[in-house]
There are 2 protein chains.
Amino acid sequence: MPRNDKKMKNSQLYKGSLNTIIMKLLEENGKMYGYEITQKVKAITQGELNITEGALYPALHKLEAEGLLDVEIEKVDNRMRKYYKLTEKGTTETVNRLSELEDFIRNMQSLVNPKLEF
Amino acid sequence: MPRNDKKMKNSQLYKGSLNTIIMKLLEENGKMYGYEITQKVKAITQGELNITEGALYPALHKLEAEGLLDVEIEKVDNRMRKYYKLTEKGTTETVNRLSELEDFIRNMQSLVNPKLEF
DNA sequence: AGTTATGTATAAGAATCTTATGTATATTTG
DNA sequence: CAAATATACATAAGATTCTTATACATAACT
């Protein structure tokens with residue numbers, strides 16, 4: 001009963017990156033459901049990043065409301081799953097977001113590792 | 001009179017990274033004042049990241065309140081400058097923050113560029 | 001004389017996230 | 001078999017960080 005889950009301690013740095021992560025995973029995997037996304041992220045980052053439901057589900061709903069995702073409900077093993085996939089608009093937008101992410105990472109590296117400027 | 005400044009359009013991705021940026025710049029430059037930080041960041045990122053005063057000054061005040069920064073006021077050219085520098089605690093914490101940033105960047109790259117996993 | 005640059009500051013509101021719940025079924029474990 | 005864990009979605013309250021809009025003040029440029 002005690003929802004005693006592991007305290008996450010995700011660095012503040014991840015703030016703002018959730019939408020990009022979701023969209024990239026969907027671009028790569030075609031369709032995914034929420035819980036699957038949390039597990040995938042945990043696996044890829046070797047447990048370093050745990051998406052919380054309180055962040056994930058509102059984010060999915062918002063992306064859907066913005067027309068970037070489509071949803072499709074399935075019942076598997078008597079349990080509900082909501083599969084999300086990118087719309088056409090979402091696919092286009094994903095390209096932009098990934099480009100922004102590259103710029104962001106490049107800029108952060110310039111700020112933090114000025115010796116590497118060339 | 002109209003503070004008609006350029007609209008910044010900073011990507012959401014930068015959210016959460018300002019403290020790390022400030023601390024790294026101070027570690028590198030010894031002491032800096034707020035306006036100087038905004039100009040330095042703009043220069044290093046070639047105009048791509050513009051720190052707004054509304055974000056910067058509260059962040060500096062908070063870091064000071066947390067004991068990570070010390071402040072020293074100077075009057076230059078009849079204008080006030082508040083120079084900030086890392087405290088001992090701040091220097092230690094900067095190491096942690098930079099380490100977190102490296103982890104963050106590595107994790108984001110794993111998520112976004114899965115082919116590079118090895 | 002008016003705009004831009006330099007310099008700091010705060011308040012209102014937006015956006016995103018954490019934490020804490022709530023509901024429900026399936027599976028594993030003591 | 002009862003309890004805990006895993007699977008699965010959802011929302012609300014509050015924290016944090018940021019944008020936007022001001023405010024004040026001096027210096028320099030046009």
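What you see is a predicted model, and the numbers here were worked out from it, not measured in a lab. Chain letters run A, B, ... following the sequence lines, proteins first, then strands; residues in each count from 1.
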Minimum-distance nucleotide to [X] side chain [options: [options]]:
{"X": "E53(A)", "options": "dT8(C), dA8(D), dA10(D)", "answer": "dA10(D)"}
{"X": "R81(A)", "options": "dT26(D), dA8(D), dC9(D)", "answer": "dA8(D)"}
{"X": "A55(B)", "options": "dT19(D), dG7(C), dA9(C)", "answer": "dT19(D)"}
{"X": "K15(B)", "options": "dT8(C), dT17(D), dA27(D)", "answer": "dT17(D)"}
{"X": "P58(B)", "options": "dT7(D), dT10(C), dT18(C)", "answer": "dT10(C)"}
{"X": "M80(A)", "options": "dT19(C), dC9(D), dT7(D)", "answer": "dC9(D)"}

Is R97(B) salt-bridged to E93(B), cutoff N-O under 4.0 Å?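 Salt bridge between R97(B) and E93(B), a charged N being under 4.0 Å from a carboxylate O: yes.
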Flag the pair E102(B) and R106(B) as a salt bridge only when some basic side-chain nitrogen lies within less than 4.0 angstrom of an acidic carboxylate oxygen.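 Between R106(B) and E102(B) there is no salt bridge, as every charged N stays at least 4.0 Å from the carboxylate O atoms.
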Calculate the interatomic distance between [X] atom [atom1] and [N] atom [atom2]; express it in whole Å.
{"X": "L56(B)", "N": "dT17(D)", "atom1": "CG", "atom2": "C1'", "value": "13 Å"}
{"X": "Q39(A)", "N": "dT5(D)", "atom1": "CD", "atom2": "P", "value": "16 Å"}
{"X": "L13(A)", "N": "dT18(C)", "atom1": "CG", "atom2": "P", "value": "12 Å"}
{"X": "L49(B)", "N": "dT19(D)", "atom1": "CG", "atom2": "P", "value": "9 Å"}
{"X": "K62(B)", "N": "dT10(C)", "atom1": "NZ", "atom2": "C1'", "value": "17 Å"}
{"X": "Y57(A)", "N": "dG22(C)", "atom1": "OH", "atom2": "C1'", "value": "13 Å"}
{"X": "M32(A)", "N": "dA8(D)", "atom1": "CE", "atom2": "C1'", "value": "14 Å"}
{"X": "Q12(A)", "N": "dT16(C)", "atom1": "CD", "atom2": "C1'", "value": "10 Å"}

Need one value for [X]: base, sugar-phosphate or nothing, where a base atom within 4.0 Å counts as base even if backbone is also close, heavy atoms only.
{"X": "L18(A)", "value": "sugar-phosphate"}
{"X": "K75(A)", "value": "nothing"}
{"X": "T38(B)", "value": "nothing"}
{"X": "G54(B)", "value": "base"}
{"X": "R79(A)", "value": "base"}

Report the residue (H61(B) or G16(A)) whose heavy-atom-nearest nucleotide on DNA chain C is the more 5′ of the two.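 Its nearest nucleotide lies further toward 5', so the answer is H61(B).
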Would you mind telling me which residue lines up with the more 5' stretch of DNA chain C, D77(A) or Y14(A), judged by nearest nucleotide?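 Its nearest nucleotide lies further toward 5', so the answer is Y14(A).
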Residue pair K82(A) / I73(A): nearest heavy atoms and the distance that separates them: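 Shortest heavy-atom contact: CG-CG1, 3.8 Å.
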Joint hydrophobic cluster, V71(B) plus I37(B), side-chain heavy atoms closer than 4.5 Å: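 Same cluster: V71(B) reaches I37(B) through Ile, Leu, Val, Met, Phe, Trp or Tyr contacts under 4.5 Å.
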So, is N78(A) near the phosphate of dA26(C), with a side-chain N or O under 4.0 Å from OP1 or OP2?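 True: N78(A) side-chain N/O within range (under 4.0 Å) of dA26(C) OP1/OP2.
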Any chance NZ of K31(B) has more than 12 other-residue heavy atoms, nucleotides or ligands included, within less than 6.0 Å?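 Yes, the 6.0 Å shell around NZ holds more than 12 heavy atoms from other groups.
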Rounded distance (nearest 0.5 Å) linking atom CG of L86(A) with atom CE of M32(A):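 CE of M32(A) is found 11.5 Å from CG of L86(A).
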